[in-house]
Q: 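Got a structure for you, written out below as structure tokens; questions coming shortly.
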Amino acid sequence: MKRNLIYLKHKYNTLLLPTFCMVMSDKLAVVIDMIIIGFFIGSQQLSIINLTSPLTYFTGIFYILFGQGGNLLALRAQSKLDHEKMNYYFTLSILGIGVFSILYVLFIFLFADNILIMYNCPAEIFNISKEYLLIIMFYYPLNCYIIVVSYFIRSDGFPRLPFYAVLIANILNIFFDILFLKVFNGDITSTALSTVIGYLIGAIYISQYIIFKKGSFQITPIAKNKMKKIIFTMKEFILNTPEVIGKIFFTFKISLLTYLCSTYLGVAGLLAFLIYDNSESVVYIFLSGIMKAMSPIVTVLHKENDYEAIRYMIIVSMKQVLLISIPVSILFFIYPEILLSIFNVVNPHDAEVVTLAIRITSFSLIGRCISYLLASYTQAIERNKISSIITFLEEFLFIVSASLILTRIIGGKGIWIAILIAESLPVVIYVYLTLRLQKSKKDKFNRLFLIQKSKLITWTYNRNDVGKIDKYLNKETREHLIHIEDLFKENAITISNSINDICNSIFEHLDIDDIDLTIRLEDEKLYIVFTNEGKFYNPFSNNKLKQSNNIKALSKLNCQFDYDQILGFNKTYIIYEK
């Protein structure tokens, strides 16, 4: 049976839907939180939240480094069947986020006044902004912890657990918001306390994954490791996570724009920037879900050199991003009044500033979504330089230079035009870079997404498939198969029969119809990988299979059998070294 990649489609959807829900519960709860604040104590109070936004975004450096970076490294180790290293990365990620979070909270506590002065906080809201900051700072470590653990849980095949944790945190946040503001007549500092309480309970809930050892990733002692090794691993985290640099640039960008909005447009500018940032929440929900579902899958596929499957994943992801971002951009440009109503902006001057900001930045949304997806994709395929260039241009060079120049020329309006420029041009730069890197390739799509030729034999083994596999293969792949058969000679028949035995064993114990098979040759070492869904089942734990003539024959050769669970898949391996 020709390869149908249905297992990838199922896994992508399995990761995508809960991730949508998790981000939705997070981002929509933030928007609802803002709506509640605007309704009970006035929209101008929202400007206080914007003054703390750069600090919130700065925490992204920590959870990207230890969450996304640690998870990708752990997945690569798992793909190589190195479970000790996999758990080491997981343990260091959890401990690392704890240590950095404590230091971050201590820094905010000591320098709260200096931080607000740096952002040119208006005098009329300085004191209450400080009170709000000294409470909301405890939310940062809780949120970081939940996100870091979520990266590992989702890639381990349990995407609902982080969704429930974030949902619980935000429902409680909203509940206590209403309780404190409506019943106890609290101010905006009460909403900060609500957020901390909600996320504390969410963090406790998600910890069951670690406490009860529910998945593949386990906390292991690292005290025996020398400090030199830990420092080297931290360097690994940084080098394999170029998005960390992006988060640093992004935080600087947000800090600069917050300062410019406060300086050129006052409280109305801070409000406009906050609404702009949160107006894209609907699109961000889907974008984040797509990125977080696509990235771990592509990471594993890239380590297996399965470029055919990578092509499939990026096509699906890009179509979804465009299908969502384009209509929302048009809607915001035509009807910015929707956002004015949602955030209860009634002051005429504020409404004028917000409307202009939304209309100018509406079409930057498309470029922003595409560039974020491309940065995530290039990181997953280990093209970190390209990912870093995209991020540097969007989050630093273009926005800083454009905003400083344009505000000098046309004042506050220049902020919104600078955002439009900075979020659109990086996509053009990416196209230029990738097409130059692979000039010789005729397939422009493969050139654009840096996709190599898959030197793999791939097909889908169906329960009812009884024919020879080579009838499904193209000429080039058939020649590759003949080369492998010639290389391993008389043992090729034993290997082929063993493939049938393993597939039959899987079908016998699992209620599935398809198994995805890949065969690749690297330095005269043959890798045969069986990938299937369903409950966890290790064929090599089956005595009947182990006693079969073909498996026994291979066992006498220089052949290794292995099994693992990656991304919730059953992965069965035959590794034969000539």
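Below, each value reflects all heavy atoms present in this structure, side chains not excepted, and no hydrogens, waters or symmetry copies.
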Q: Heavy-atom count around E124 CD within 6.0 Å, excluding the residue itself: above 12?
A: yes
Q: For A375, does its backbone N or O pair with a side-chain atom of T378 as donor and acceptor, under 3.5 Å?
A: yes
Q: For the residue pair S295 and L72, establish whether any side-chain heavy-atom pair is separated by less than 4.5 Å.
A: yes
Q: Ignoring hydrogens and geometry beyond distance, is a side-chain donor-acceptor pair present between S150 and Y63 at under 3.5 Å?
A: no
Q: Is any side-chain heavy atom of V353 closer than 4.5 Å to one of L271?
A: no
Q: Ignoring hydrogens, what is the shortest heavy-atom contact between L287 and C369? Give both atom names and the distance.
A: CD1-O, 3.6 Å
Q: What's the separation between atom CG in L133 and atom CG in D113, rounded to the nearest 0.5 Å?
A: 9.5 Å
Q: Step through the shown structure and confirm whether more than 12 heavy atoms of other residues, nucleotides or ligands are within 6.0 Å of CZ on F232.
A: no
Q: Which pair of non-hydrogen atoms, one from I421 and one from P426, has the smallest distance, and what is that distance?
A: O-CD, 4.4 Å
Q: Any chance the side chains of S194 and N173 put a donor and an acceptor closer than 3.5 Å?
A: no
Q: Are any non-hydrogen side-chain atoms of V316 and M313 less than 4.5 angstrom apart?
A: no
Q: Working to the nearest 0.5 Å, report the span between CD1 of I429 and OG of S371.
A: 12.0 Å
Q: When rounded to the nearest 0.5 angstrom, what distance separates CG in L356 from CD1 in I360?
A: 4.0 Å
Q: side-chain hydrogen bond (donor to acceptor under 3.5 Å, both in side chains) for Y88 and T233? Distances and angles first, verdict last.
A: CA-CA 10 Å; Y88 172 70; T233 306; 3.0 Å; yes
Q: Tell me, with the steps shown, if Y199 and F138 meet ring-ring contact (aromatic ring centres under 6.0 Å, His included).
A: CA-CA 9 Å; Y199 273 80; F138 294 106; over 10 Å; no
Q: Examine the side chains of S207 and Y145 and answer whether a donor and an acceptor come within less than 3.5 Å of each other.
A: yes
Q: Shortest non-hydrogen contact from S362 to F333?
A: OG-CB, 3.4 Å
Q: What class does the angle between the rings of F252 and F396 fall in, given that below 30° is parallel, 30 to 60° is tilted and above 60° is perpendicular?
A: tilted
Q: Take M234 and L65, measure what side chain to side chain contact (heavy atoms under 4.5 Å, CB included) needs, and give me the verdict at the end.
A: CA-CA 9 Å; M234 288 300 302; L65 179 64; 4.0 Å; yes
Q: Under 30°, 30 to 60°, or over 60°: which ring-plane class applies to Y209 and F90, parallel, tilted or perpendicular?
A: perpendicular
Q: Kindly state whether the ring of Y259 and the ring of Y119 have centres lying under 6.0 angstrom apart.
A: no
Q: With sequence neighbours excluded, tell me which residues meet ring pair (Phe, Tyr, Trp, His ring centres under 6.0 Å) with F100.
A: F62, F66
Q: Nearest 0.5 Å, please: how far is CD in E395 from CD in E423?
A: 7.5 Å
Q: Less than 4.5 Å apart, any side-chain heavy atom of P141 and any of Y104?
A: no
Q: Would you call S403 and L260 a side-chain contact if the rule is heavy atoms closer than 4.5 Å?
A: yes
Q: Can you measure from CG (L393) to CD1 (I399) and round to the nearest 0.5 angstrom?
A: 12.5 Å
Q: So Y335 and I330, do their side chains get closer than 4.5 Å, heavy atoms only?
A: no
Q: Before you tell me yes or no, could you show the steps for L270 and L274 under side chain to side chain contact (heavy atoms under 4.5 Å, CB included), namely the whole-Å CA-CA distance, both residues' side-chain angles and the distance that decides it to 0.1 Å?
A: CA-CA 6 Å; L270 292 172; L274 185 67; over 6 Å; no
Q: I'd like to know whether T52 forms a side chain to side chain contact (heavy atoms under 4.5 Å, CB included) with Y139, so could you lay out the CA-CA distance, the side-chain angles of the two residues, the decisive distance to 0.1 Å, and finally the verdict.
A: CA-CA 12 Å; T52 63; Y139 152 77; over 6 Å; no
Q: Mind checking the CZ-CD1 spacing from F163 to I168? Nearest 0.5 Å is all I need.
A: 9.5 Å
Q: Are Q78 and Y89 linked by a side-chain donor-acceptor pair shorter than 3.5 Å?
A: no
Q: As a quick check of understanding, evaluate side chain to side chain contact (heavy atoms under 4.5 Å, CB included) for F332 and I338, giving each step before the final call.
A: CA-CA 8 Å; F332 285 168; I338 295 173; 5.8 Å; no
Q: Treating T191 as the side-chain partner and D187 as the backbone partner, does any N or O pair qualify as donor plus acceptor under 3.5 Å?
A: no
Q: Please report the shortest heavy-atom distance between E394 and Y372, naming the atom on each side.
A: OE2-CE1, 3.5 Å
Q: Does any part of the side chain of I314, heavy atoms only, come nearer than 4.5 Å to the side chain of V298, both counted from C-beta?
A: no
Q: Determine yes or no for a side-chain-to-main-chain donor-acceptor pair under 3.5 angstrom, with T361 supplying the side chain and A357 the backbone.
A: yes
Q: Report yes if some heavy atom in the side chain of L365 is under 4.5 Å from a heavy atom in the side chain of V328; otherwise report no.
A: yes
Q: What are the two closest heavy atoms between I219 and I210, and how far apart are they?
A: CG1-CG2, 3.7 Å
Q: Specify the closest pair of heavy atoms between I146 and I206, including all atoms of both residues, with the distance to one decimal.
A: O-CD1, 3.7 Å
Q: Give a yes-or-no answer on whether the side chains of N87 and T220 include a donor-acceptor pair shorter than 3.5 Å.
A: no
